[in-house]
Amino acid sequence: MQSIIINIGNTNIRFGLFNDEKCEISWVLNTKPYKTTDELYMSILMLYQTYAIEVKNIERIIIGSVVPQLTKVVEVAIQKIHQKSPTIVDRNTKSEVIPKSKQMGTDIYANLVAAHCLYPDRKKIILDFGTALTASCIDENGETLGVIIAPGIITALNSLIRQTAQLPEIELVQPQSVLGLDTVTCMQSGMIYGYLGMVEGFISRINSEVNDRCFVIATGGVAHIYTPLTDRINISDRLHTLKGLYYLGRGK
């Protein structure tokens with residue numbers, strides 16, 4: 001069965017074409033500035049053509065969103081294309097995971113669901129390097145143990161650049177040394193090693209609090225930059241959240 005899974009985030013809308021449980025193609029549209037239904041309709045159709053996706057072969061469309069003002073816009077665009085209503089999933093969608101919070105975002109819930117389905121029989125930490133940096137923890141039985149939310153790397157970097165007169169835009173790459181002698185290297189060191197220290201600190205403190213060594217999954221836009229720099233992350237999966245939305249929608 002082919003499905004289209006859509007994750008509406010604060011920075012990007014990520015799409016995935018799933019053949020049963022396997023995501024075969026994934027692509028991203030920028031969330032901002034917010035688009036109209038007609039703009040999304042045309043963008044989605046053009047990308048379907050680019051990836052040779054046949055609308056008639058799509059049996060199910062699943063949407064998860066943390067941007068309420070965009071959810072309806074995307075839903076209407078999808079209805080125009082597929083002539084069927086998508087399945088909307090959120091923290092109230094039933095699963096084997098116990099969210100334990102009425103404030104939990106759909107993306108965090110989906111991350112927990114994917115971790116529970118893909119890596120059973122152990123405690124897990126999911127690091128999501130998105131607009132916000134989140135660390136969520138779940139135990140072997142599907143019980144949510146808690147979540148940490150911090151400013152995302154790109155969010156913090158953009159704020160730093162906007163709020164200062166002389167700091168330039170930089171490429172987020174690992175500098176050759178921790179101590180820099182030029183502005184770009186100094187900023188790269190702060191963003192790379194500062195956030196790396198934060199992430200490793202999160203993992204250590206969570207492990208200590210749950211009295212276990214959790215299996216750590218990294219996902220989100222810049223996860224691939226940080227994963228090679230530490231042995232605390234076990235696996236990086238940019239499609240992890242989409243997989244969670246798939247599992248949530250499959251059960252409805």
Side-chain angles (χ1 to χ4, degrees), residues 1-93 95 105-111 113-115 117-118 126 128-131 152 154 217-225 235-252:
M1 174 186 289
Q2 286 195 337
S3 307
I4 294 289
I5 314 300
I6 306 172
N7 179 28
I8 305 173
N10 288 293
T11 303
N12 294 315
I13 305 174
R14 180 172 285 278
F15 296 75
L17 172 67
F18 278 66
N19 199 343
D20 293 326
E21 294 189 11
K22 182 181 179 182
C23 184
E24 297 187 333
I25 305 168
S26 174
W27 65 93
V28 174
L29 290 177
N30 189 261
T31 300
K32 294 178 180 176
Y34 295 143
K35 295 174 174 58
T36 66
T37 297
D38 290 334
E39 288 174 315
L40 277 170
Y41 172 81
M42 290 304 300
S43 296
I44 295 169
L45 272 184
M46 288 174 63
L47 285 162
Y48 278 11
Q49 293 172 4
T50 299
Y51 293 110
I53 295 171
E54 295 287 345
V55 171
K56 66 178 184 297
N57 294 336
I58 305 301
E59 299 183 48
R60 179 168 50 195
I61 308 101
I62 299 166
I63 297 175
S65 175
V66 295
V67 190
Q69 60 266 46
L70 263 182
T71 308
K72 190 64 179 179
V73 176
V74 174
E75 182 181 2
V76 172
I78 286 295
Q79 285 176 329
K80 286 181 66 175
I81 294 169
H82 291 273
Q83 300 300 307
K84 66 175 71 173
S85 297
T87 299
I88 309 294
V89 297
D90 57 26
R91 62 176 171 268
N92 298 311
T93 304
S95 74
T106 303
D107 52 349
I108 293 175
Y109 184 40
N111 283 338
V113 169
C117 292
L118 294 169
I126 307 94
D128 194 334
F129 292 81
T131 307
I154 302 302
I217 306 127
T219 191
V222 295
H224 65 284
I225 296 174
I235 190 168
S236 181
D237 183 0
R238 64 187 177 87
L239 303 175
H240 185 82
T241 311
L242 282 182
K243 292 173 183 178
L245 295 174
Y246 170 82
Y247 291 130
L248 281 171
R250 184 180 64 176
K252 292 191 74 171

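Predicted, not measured: the structure shown is a model, and the values here were computed from it. Only heavy atoms go into these numbers, but all of them, side chains included; no hydrogens, no water, no symmetry mates.
Under the 3.5 Å distance criterion, the side-chain polar atoms of Asn19 are left unmatched by any main-chain donor or acceptor of Gln2. Here the side chain of Thr106 pairs a donor or acceptor atom with the backbone of Ser65 at under 3.5 angstrom. At least one donor-acceptor pair closer than 3.5 Å links the side chain of Thr31 to the backbone N or O of Gly9.
For the residue pair Ser26 and Arg14, a side-chain donor N or O sits within less than 3.5 Å of a side-chain acceptor on the partner. Using a 3.5 Å distance cut-off with no hydrogens or angles, the side chains of Thr93 and Tyr109 do not pair a donor with an acceptor. A side-chain donor from one of Ser85 and Gln79 sits under 3.5 Å from a side-chain acceptor of the other.
Ring planes of His82 and Tyr48: perpendicular class, angle over 60° (limits at 30 and 60°).
To the nearest 0.5 Å, the span separating CG on Leu245 from CG on Asn111 amounts to 8.5 Å. Rounded to the nearest 0.5 angstrom, Ile63 CD1 and Asp90 CG are separated by 12.0 Å. How far CD1 of Ile81 is from CD1 of Ile53: 10.5 Å, rounded to the nearest 0.5 Å. Atom-to-atom distance recorded for His240:NE2 and Ile235:CD1 is 9.5 Å, nearest 0.5 angstrom. In this structure, Leu40 CG and Glu75 CD are separated by 12.5 Å, a value rounded to the nearest 0.5 Å. We find the OG1-CG distance between Thr219 and Asp128 to be 5.5 Å, quoted to the nearest 0.5 Å.
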Handout entry: Ile4 vs Leu17, side-chain contact (heavy atoms from CB on, under 4.5 Å): CA-CA, chis, key distance, verdict
Key = CA-CA 5 Å; Ile4 294 289; Leu17 172 67; 3.8 Å; yes
Exercise for the section: Evaluate side-chain contact (heavy atoms from CB on, under 4.5 Å) for Phe129 paired with His224, printing each intermediate quantity in order. Expected result: CA-CA 9 Å; Phe129 292 81; His224 65 284; over 6 Å; no
Problem - Audit row: Leu118, Ile217, side-chain contact (heavy atoms from CB on, under 4.5 Å) steps and yes/no - result: CA-CA 11 Å; Leu118 294 169; Ile217 306 127; over 6 Å; no
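Proximity of Ile62 to Leu248: side-chain heavy atoms (C-beta onward) are nowhere separated by under 4.5 Å. Residues Asp38 and Lys80 have side chains in contact (heavy-atom distance under 4.5 Å, counting atoms from C-beta outward). The closest side-chain heavy-atom distance from Arg250 to Arg60 is below 4.5 Å. Between Glu21 and Tyr247 the shortest side-chain heavy-atom distance falls below 4.5 Å. With a 4.5 Å cut-off on side-chain heavy atoms, Val73 and Lys35 do not count as touching. Looking only at side-chain heavy atoms (C-beta outward), Asn10 and Val67 come within less than 4.5 Å of each other. At a threshold of 4.5 Å between non-hydrogen side-chain atoms, the residues Val66 and Thr131 do not count as touching.
Pairing each heavy atom of Val113 with each of Ser95, the nearest pair is CG2-OG, 3.7 Å. The heavy-atom pair separating Ala115 from Ile126 by the smallest distance is CB-CD1, 3.7 Å.
Atom NZ of Lys22 has 12 or fewer neighbouring heavy atoms from other residues, nucleotides or ligands inside a 6.0 Å radius.
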